[in-house]
Amino acid sequence: MKDKFELYQEAGVLEYWVVSPIEKTIQVWTIDEQGMYISRQPKVEGDAVTTPIIPNLAVDVTEVFAD
């Protein structure tokens with residue numbers, strides 16, 4: 001995960017999402033003006049993940065981890 005994080009950051013990937021099925025969280029990093037990732041608060045069940053990159057997209061974390 002560390003290698004991928006660094007590669008994506010160097011390549012200027014605008015967002016990097018990591019889904020943790022064990023913790024049932026979605027962590028989102030967004031690239032800033034200096035080209036460095038900044039982390040948003042992890043999203044947990046009951047939350048929705050949104051992104052300015054895809055307007056109107058809302059990922060329901062509870063649905064992601066539903067059995």
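For the single chain, residues carry numbers from 1 onward in sequence order.
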* **side chain to side chain contact (heavy atoms under 4.5 Å, CB included) assessment of Val64 paired with Val59** => CA-CA 8 Å; Val64 171; Val59 177; 3.5 Å; yes

* Any donor-acceptor pair under 3.5 Å from Thr62 side chain to Gly46 backbone ->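 At least one qualifying donor-acceptor pair exists.
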
* **Main-chain N/O of Gln41 paired with Gln27 side-chain donor or acceptor, under 3.5 Å** =>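 Absent.
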
* Would you say the side chain of Pro52 lies within less than 4.5 Å of the side chain of Glu15, judging by non-hydrogen atoms? ->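 Glu15 vs Pro52: side chains touch.
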
* Asked: Quick one: does Met1's side chain get under 4.5 Å of Tyr16's, heavy atoms only?
  ->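 The answer is yes, as the side chains (C-beta and beyond) meet within the 4.5 Å cut-off.
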
Rounded to the nearest 0.5 Å, what separates atom [atom1] in [X] from atom [atom2] in [Y]?
X	Y	atom1	atom2	answer
Thr30	Ile53	OG1	CD1	7.0 Å
Asp60	Lys43	CG	NZ	12.0 Å
Thr25	Asp47	OG1	CG	10.5 Å
Glu45	Glu63	CD	CD	11.0 Å
Glu6	Gln9	CD	CD	8.0 Å

Is there a path of hydrophobic side-chain contacts, each under 4.5 Å between heavy atoms, that joins [X] and [Y]?
X	Y	answer
Ile54	Tyr8	yes
Leu14	Ile38	no
Val49	Leu57	yes
Val18	Met36	no

* Only one of Trp17, Trp29, Phe5 forms a ring-ring contact (aromatic ring centres under 6.0 Å, His included) with Tyr37, so which one is it? ->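 Running ring-ring contact (aromatic ring centres under 6.0 Å, His included) over Trp17, Trp29, Phe5 with Tyr37 returns exactly one hit, Phe5.
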
* **Heavy-atom closest pair, residues Lys24 and Val61** =>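 Smallest heavy-atom distance, with atoms named: O-CG1, 4.2 Å.
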
